[in-house]
Amino acid sequence: MPELPEVETVRRGLAPVLEGARIEAVEVRRPDLRVPFPPRFAARLEGRKIVKLRRRAKFLIAELDDGNALVAHLGMSGSFRIARAAPVGADAFHHPRSRLEAHDHVVFRLSNGAVVTFNDPRRFGLMDLLPMAELAESRHFRRLGVEPDAKSLDGPALASLMGRRKVALKVALCDQHLIAGLGNIYASEALWRARISPRRAATALVGRGGPDRAARLAKGIHEVLAEAIKAGGSSLRDHAQVDGELGEFQHHFAVYDREGEKCLRADGGTIRRIVQGGRSTFFCPVCQR
DNA sequence: GCTGTAACCTGTCGGC
DNA sequence: TGCCGACAGGTTACAG
């Protein structure tokens, strides 16, 4: 599912419920996600208070009051949903079985009465528990690139980051070691906004015409992310907000999943789909050069 | 170190 | 209706 806007939408939905709450019980219903759960995962969480919920790239980080952090990644199909607990005694977990759904892998019961459930059909997501002081050097974060919505990511910074890479620009935009947070949808959308072909090499951001392209692309990245976050992310197959509401940004795609349709620009052509790095790229071959 | 590819797992959709 | 293959928003391991 999620790229940065979807994860940020999830964070904004979860934060008011999680921050300040104590974790009373954790039920791991299926432990074999892409990355195995750490030892004693549930026991180490129970009794802990969540101080703050923040985001780094596509990761959610719940800071705990014991100096550890619960790290979660939604993979391709992960989601959280919030429900209120049933009255005490309704069942052992205050969470009626009838309300559990297929692929509900972890259930958190909080001191404020909320029940937060992690669901992930494809099980590409992960959950980990790490000391806060070691987060930056952990395997999840040590090689991550810059945040794409950072104001400091302007044209020159983008060119400096990517200009030495020989891979296609679209592939480089999705490389989390360079820019952490963009994915397949928003890389295509940002390139359309910048009128740059996804087939150009990343080196096109340096040299002749490079600074201008880099400035347009940085602007395109910032704009598309800001608009997508405002719209609650994009809901295609899996993504929903924590209250079940769907995001709206999929209605604003200029190129993604629009193969064969007319470009939104008057001087555009017909949207094409190509495969780059094993994944679909959508672009207008006429207005993106 | 860089690049491309396959694999992880499950659900959905289109074609036959 | 049922089967099969392709494909899906991410990440990592591995080969060249």
Side-chain angles (χ1 to χ4, degrees), chain A residues 1-11 29-37 55-60 71-80 101-105 118-128 138-145 148 161-191 198-203 221 224-225 227-229 231-241 246-260 273-282:
Chain A
M1 156 193 111
E3 300 182 36
L4 188 152
E6 289 74 40
V7 179
E8 178 60 22
T9 299
V10 169
R11 189 198 69 78
R29 306 185 69 243
R30 179 150 190 177
D32 54 336
L33 303 186
R34 176 168 58 89
V35 176
F37 283 78
R55 178 190 60 74
R56 167 75 171 108
K58 301 172 190 173
F59 289 88
L60 290 167
V71 175
H73 194 293
L74 302 178
M76 291 275 264
S77 58
S79 63
F80 282 96
E101 298 174 7
H103 313 297
D104 282 349
H105 302 317
F118 176 69
N119 182 288
D120 185 9
R122 292 173 74 179
R123 288 190 278 130
F124 286 174
L126 70 86
M127 285 203 183
D128 206 351
S138 70
R139 60 176 170 161
H140 307 305
F141 299 103
R142 65 172 177 253
R143 295 178 64 203
L144 277 185
L161 266 177
M162 301 175 57
R164 286 193 297 272
R165 298 294 295 272
K166 292 181 180 139
V167 289
L169 203 38
K170 151 67 168 27
V171 173
L173 281 174
C174 292
D175 186 339
Q176 302 302 296
H177 305 129
L178 300 174
I179 299 177
L182 281 182
N184 211 34
I185 291 179
Y186 298 107
S188 284
E189 293 293 319
L191 284 164
R199 295 187 285 197
R200 277 188 181 271
T203 51
I221 291 170
V224 75
L225 292 180
E227 290 174 26
I229 290 171
S234 305
S235 294
L236 296 181
R237 292 158 190 83
D238 300 310
H239 169 65
Q241 300 175 35
L246 299 180
E248 290 288 329
F249 195 71
Q250 68 278 9
H251 303 306
H252 303 279
F253 289 162
V255 287
Y256 187 82
D257 207 21
R258 293 192 63 233
E259 182 183 17
R273 171 185 172 272
I274 57 174
V275 176
Q276 293 180 296
R279 321 203 57 186
S280 292
T281 299
F282 298 88

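In what follows, every chain begins at residue 1, and chains take the letters A, B, ... in the order their sequences are listed. Every heavy atom of this structure was used, including side-chain atoms; hydrogens, water molecules and symmetry mates were not.
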Q: Do A/R279 and C/dA8 have a side chain to base donor-acceptor pair shorter than 3.5 Å?
A: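 A donor-acceptor contact between them is absent.
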
Q: What is the separation between atom CG on A/L182 and atom C1' on C/dT11, rounded to the nearest whole Å?
A: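 Value for this atom pair: 16 Å.
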
Q: Between B/dA7 and C/dG5, how far apart are the P atoms? Round to whole Å, please.
A: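 Per the computed distance, 15 Å lies between those P atoms.
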
Q: Taking any heavy-atom pair under 4.0 Å as a contact, classify A/G183: base, sugar-phosphate, or nothing.
A: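 Sugar-phosphate: the residue A/G183, judged by heavy atoms under 4.0 Å, touches backbone atoms but no base.
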
Q: Give me the distance, rounded to whole Å, that separates C/dC14 from B/dC9 when you measure between the P atoms they each carry.
A: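 16 Å, rounded to whole Å.
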
Q: Indicate whether OP1 or OP2 belonging to B/dC9 is found under 4.0 Å from a side-chain N or O atom of A/H103.
A: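 For B/dC9, neither OP1 nor OP2 has a side-chain N or O of A/H103 closer than 4.0 Å.
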
Q: Select one nucleotide: of B/dT10, B/dT3, C/dA8, the one nearest the side-chain heavy atoms of A/R30.
A: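 Ranking B/dT10, B/dT3, C/dA8 by closest atom to the A/R30 side chain puts B/dT10 first.
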
Q: Please report the distance, rounded to the nearest Å, between CG in A/D120 and C1' in B/dT10.
A: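 Result: 10 Å.
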
Q: Using a 4.0 Å heavy-atom cut-off across all strands, classify A/Y256 as base, sugar-phosphate, or nothing.
A: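 Contact class for A/Y256: sugar-phosphate only.
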
Q: Are the side chain of A/E248 and the backbone of A/A231 linked by a donor-acceptor contact shorter than 3.5 Å?
A: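 Here the side-chain-to-backbone pair does not exist.
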
Q: What is the distance from CG of A/D175 to P of C/dA13, rounded to the nearest Å?
A: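 That distance rounds to 14 Å.
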
Q: Does A/Q176 use its side chain to pair, donor to acceptor, with the backbone of A/L182 at less than 3.5 Å?
A: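 Here the side-chain-to-backbone pair exists.
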
Q: Would you say the base of B/dC9 and the side-chain of A/R122 have a donor-acceptor pair closer than 3.5 Å?
A: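 It does, because a donor-acceptor pair links the side chain of A/R122 to the base of B/dC9 below 3.5 Å.
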
Q: How close or far is atom P of B/dC8 from atom CG of A/L74, stated in whole angstroms?
A: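 It is 22 Å, rounded to the nearest whole Å.
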
Q: Scan every strand shown for a Watson-Crick or G-U wobble partner of B/dA6, both distances under 3.5 Å, and answer none if you come up empty.
A: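 The base-pairing partner of B/dA6, which may sit in any strand shown, is C/dT12.
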
Q: Is a salt bridge present between A/D32 and A/R123, judged by a nitrogen-to-oxygen distance below 4.0 Å?
A: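 Between A/R123 and A/D32 there is a salt bridge, with a charged N closer than 4.0 Å to a carboxylate O.
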
Q: What do you reckon, do A/F124 and the base of B/dC9 stack, with centroid distance below 5.5 Å and planes below 30°?
A: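 Ring-base stacking flag not set for A/F124 and B/dC9.
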
Q: To the nearest angstrom, how far is A/D32 atom CG from B/dC8 atom P?
A: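 Interatomic distance, CG of A/D32 to P of B/dC8: 14 Å.
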
Q: To the nearest Å, how far apart are A/H177 NE2 and B/dC2 C1'?
A: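 One finds 12 Å between C1' of B/dC2 and NE2 of A/H177, rounded.
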
Q: Using whole Å, report how far CZ of A/R143 lies from C1' of B/dG1.
A: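 Interatomic distance, CZ of A/R143 to C1' of B/dG1: 10 Å.
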
Q: With respect to the phosphate group of C/dA8, does any side-chain polar atom (N or O) of A/S280 fall under 4.0 Å of OP1 or OP2?
A: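 Result: yes.
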
Q: Let me know the distance between CG of A/L173 and P of B/dT3, rounded to the nearest Å.
A: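 To the nearest whole Å, that distance equals 14 Å.
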
Q: Can a side chain N or O of A/R273 be found less than 4.0 Å away from OP1 or OP2 on C/dA6?
A: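 So the side-chain polar atoms of A/R273 never come under 4.0 Å of the phosphate oxygens OP1 or OP2 of C/dA6.
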
Q: Can any side-chain N or O of A/K170 pair as donor or acceptor with the backbone N or O of A/R200 at less than 3.5 Å?
A: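 The answer is no, because no donor-acceptor pair under 3.5 Å joins these two groups.
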
Q: Hey, mind stepping through A/I229 and A/L4 against side-chain contact (heavy atoms from CB on, under 4.5 Å) and telling me if it holds?
A: CA-CA 8 Å; A/I229 290 171; A/L4 188 152; 3.9 Å; yes

Q: Measure the shortest side-chain to side-chain distance between A/S234 and A/Y186 over non-hydrogen atoms and say whether it is less than 4.5 angstrom.
A: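 Yes; the side chains approach each other to less than 4.5 Å.
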
Q: Between A/Q176 and C/dT11, is there a side-chain N or O to OP1/OP2 distance below 4.0 Å?
A: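 Checking C/dT11 against A/Q176, a side-chain N or O does come within under 4.0 Å of OP1 or OP2.
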
